[in-house]
Every structure is written in C-alpha cells, then in structure tokens.
Amino acid sequence: MSKKTTKFQKAVMSRMFRGKGIFKPLNTGFIDEYVASLREWVANIFFYTKNSNTIMIDAGYNYDRLEEKMSWINLKSEEIKHILITHQDTDHMGALEKDSALLFKDATIYIGEIENKYLTGEVRRKVFRGLYKLPKVKTDNKKVLLKDGQIFYITDIKIECILVPGHTWGHMVYLIDDEYLFTGDTIWFGADGGYSFLGTLAEDNKLSVQSLVRLKKIIRGRQGKIKIITGHTGYTDDLDFAFAHIDKIC
C-alpha cells in the first residue's frame with residue numbers, strides 16, 4: 001500500500017464517512033505517563049514508554065508529517081526499534097512502506113504469523129464484503145512472527161499476543177504489562193459502549209463477533225484495571241462500557 005494508496009484512502013474515507021461521527025481518534029498527546037497517542041486523520045498511532053524504552057503500536061499512514069508530530073510528544077523516529085502491528089491495513093502500516101520516508105527502516109516489526117500472509121502475498125486483503133481487493137503492503141523491515149497466546153518481553157516490557165480474527169484474518173491485539181490492551185480495529189466505541197468494528201471493512205463479521213466474545217472472557221479473567229485502547233475511537237478502563245454491544249456490528 002504505497003503513498004498513492006494512502007492519498008486514495010484519505011479521499012475515499014472522507015467521502016464515505018464525513019459527518020457520520022464514525023471515527024473519533026484521540027488528538028496527539030499523552031494518555032498517561034506511559035502511553036502517548038499520535039493522530040493522523042482518522043487513526044491513532046500509540047507509543048508505550050517504560051524506563052526510557054519506547055515501543056510503537058501500529059505505524060499509521062504513509063504520512064509526510066509523522067516525524068514532526070512525533071516531536072510534539074518528545075519522540076524521535078531513530079529511538080523506535082520495535083513496532084507492534086495489529087494488522088496490515090494502510091492506516092496501520094503505511095510508515096513502513098518501501099516508498100515512505102523510511103523513518104523506521106531499522107526497526108523490527110512484530111506481526112501475527114497469519115497476518116503476515118498478507119505481506120507475503122499468500123492472501124489478499126478484501127473489504128466491502130469481499131468486492132474490493134486492497135494493494136499488497138511492501139516493506140523490507142525485519143519481522144518477528146507471533147502466535148496466539150504468546151508472551152514475550154522487549155527489555156522489561158511484557159507483551160501478550162491475543163489473536164482476534166475477523167477484521168482481518170490474522171488481526172492481533174496486545175496486552176502490555178497486564179494493564180494496556182491495544183485493540184487496533186476490533187472494537188468501535190460509540191456513546192453507549194463498544195461494538196464490533198466497521199462491518200464494511202471486515203473479512204468476516206461473524207468471526208469478528210466471536211473473537212470479541214473470546215477477548216471479553218480473557219480480559220474479564222484478569223486482575224486489576226486494564227485500559228482498552230482502540231485505533232480510531234479513544235480508550236476506556238470501564239470493561240462494561242468496552243464490551244457493551246460486541247454482538248453488534250458498527
């Protein structure tokens with residue numbers, strides 16, 4: 001998904017969703033002492049920092065002002081050595097494209113082994129009920145492939161991988177240090193709580209709902225407060241709100 005694709009998606013999404021209140025990303029700034037958000041149009045990139053080590057969660061669009069916006073939250077692109085990818089859509093991987101500014105060319109990306117099949121070309125990403133095939137993402141970054149349920153550490157940061165297929169076949173969410181759940185495009189927050197993400201952009205809507213039912217069970221079984229942080233509609237630590245309507249498609 002090249003720079004051309006980013007511009008095309010910006011134009012199409014603007015026409016389709018203008019005035020509907022579908023996308024409500026956080027403004028660029030800080031959620032708390034550990035998490036910063038960066039807004040690009042309708043999407044957020046997130047950064048998790050602990051003991052001076054920073055992990056990036058998703059890589060946004062193929063966007064010309066990314067480095068400038070990173071400076072607003074006191075980050076430099078060369079500091080980013082590890083990037084967790086929830087899924088391969090252009091608003092989550094654009095800054096890793098071959099024709100991007102290559103701000104993160106030396107970073108290692110972490111992606112689910114099923115989701116990686118989009119990157120290898122084994123599977124094509126389809127939207128609008130399978131009627132439209134998206135272009136293949138092309139990146140030269142070193143990759144680490146992840147499995148469902150896998151737990152690993154980057155320095156002293158604990159990362160748990162949870163597979164939630166539906167929006168894409170290999171969509172992964174990440175529970176960091178047992179306190180922050182980065183959900184990408186699985187949950188959409190409305191005024192009355194969370195729904196399964198946009199139906200027109202899913203590979204399989206029924207599977208999306210099944211995945212969220214499983215995710216809800218996993219998260220409900222954990223101790224302590226967990227912030228659920230979405231790719232397009234903000235965050236909450238109220239689990240009742242987050243999972244209120246996950247049997248329904250936005």
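FYI, the numbering just counts along the sequence from 1.
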Counting distance only, does the side-chain N/O of [X] pair as donor-acceptor with the main-chain N or O of [Y] below 3.5 Å?
X    : Y    : value
N205 : G199 : yes
T49  : Y34  : no
W41  : Y61  : no
R125 : P135 : no
H167 : D204 : no
Q210 : L207 : no
T230 : G234 : yes
T28  : R39  : yes

Tell me the closest heavy-atom pair linking [X] and [Y], and the distance in Å.
X    : Y    : result
P165 : S211 : O-OG, 2.6 Å
D185 : H87  : OD2-NE2, 3.2 Å
A36  : I73  : CB-CD1, 3.9 Å
L96  : A59  : CG-CB, 3.8 Å
K136 : E97  : O-OE2, 4.2 Å
A191 : F241 : O-CE1, 3.7 Å

**Report entry** Those residues that, when tested against R214, pass salt bridge (charged side-chain N to carboxylate O under 4.0 Å, His left out) (two or more places apart)
**Finding:**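 Per chain and number, R214 pairs via salt bridge (charged side-chain N to carboxylate O under 4.0 Å, His left out) with D148.
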Requested in this report: Could you walk me through whether I249 and V209 pass the side chain to side chain contact (heavy atoms under 4.5 Å, CB included) test, one step at a time?
Outcome: CA-CA 8 Å; I249 308 296; V209 171; 3.7 Å; yes
Using 4.0 Å as the upper bound for N to carboxylate O, is an ion pair formed by [Y] and [X]?
X    : Y    : result
R222 : E160 : yes
E179 : K225 : no
D106 : K81  : no
D140 : K105 : no
D99  : K138 : no
E40  : R65  : no

Requested in this report: Among I229, I226, I176, find the residue that satisfies the side chain to side chain contact (heavy atoms under 4.5 Å, CB included) test when tested with L181.
Outcome: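 Single pass found, and it is I226.
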Side chains of [X] and [Y] only: does a donor on one sit below 3.5 Å from an acceptor on the other?
X    : Y    : value
S100 : N62  : no
T236 : D238 : no
E67  : S77  : yes

Query raised in the report: Among D237, D177, D178, D32, which residue meets the salt bridge (charged side-chain N to carboxylate O under 4.0 Å, His left out) test with K227?
Result: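 It is D32; the other options fail the test.
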**Report entry** Heavy atoms from other residues, nucleotides or ligands near NZ of K133 exceed 12 (cutoff 6.0 Å)
**Finding:**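 Not buried by this count: 12 neighbours or fewer within 6.0 Å.
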Does any part of the side chain of [Y], heavy atoms only, come nearer than 4.5 Å to the side chain of [X], both counted from C-beta?
X    : Y    : answer
I218 : I162 : yes
T139 : K98  : no
I228 : T183 : yes
T108 : N141 : no
H232 : F197 : yes
L103 : Y63  : no
L212 : T186 : yes
Y110 : I57  : no

Query raised in the report: side chain to side chain contact (heavy atoms under 4.5 Å, CB included) between V144 and I109: does it pass, once the steps are laid out?
Result: CA-CA 6 Å; V144 173; I109 64 174; over 6 Å; no
Query raised in the report: Quick one: are the ring centres of Y195 and F189 less than 6.0 Å apart?
Result: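 For Y195 and F189, the ring centres are not under 6.0 Å apart.
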Query raised in the report: Of H92, E115, Q88, K117, which is the lone residue that meets side-chain hydrogen bond (donor to acceptor under 3.5 Å, both in side chains) with T168?
Result: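 With T168 as partner, H92, E115, Q88, K117 yield a single side-chain hydrogen bond (donor to acceptor under 3.5 Å, both in side chains), made by E115.
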Report task. Dump the intermediate steps for side chain to side chain contact (heavy atoms under 4.5 Å, CB included) on I159 and I151, then the final yes or no. Result -> CA-CA 6 Å; I159 301 160; I151 297 173; over 6 Å; no
Query raised in the report: I55 and Y180: same hydrophobic cluster, using ILVMFWY side-chain contacts below 4.5 Å?
Result: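 Looking at the clustering, Y180 is in the same group as I55.
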Query raised in the report: When you measure from the centre of the six-membered ring of W169, is the NZ or CZ of K126 under 6.0 Å away and within 45° of the axis?
Result: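 No; the conditions do not both hold, so K126 does not lie above the ring face of W169.
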Query raised in the report: What orientation do F46 and F182 show, parallel under 30°, tilted 30 to 60°, or perpendicular over 60°?
Result: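 Plane angle between 30° and 60°, so tilted.
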Query raised in the report: Between D240 and R220, is a salt bridge (charged side-chain N to carboxylate O under 4.0 Å, His left out) present by the stated rule, with each step listed?
Result: CA-CA 10 Å; D240 290 334; R220 287 281 193 193; 2.6 Å; yes
Report task. For side chain to side chain contact (heavy atoms under 4.5 Å, CB included), just list the numbers for I45 and F47, CA-CA rounded to whole Å, side-chain angles, deciding distance to a tenth of an Å, and then say yes or no. Result -> CA-CA 7 Å; I45 298 169; F47 301 89; 3.8 Å; yes
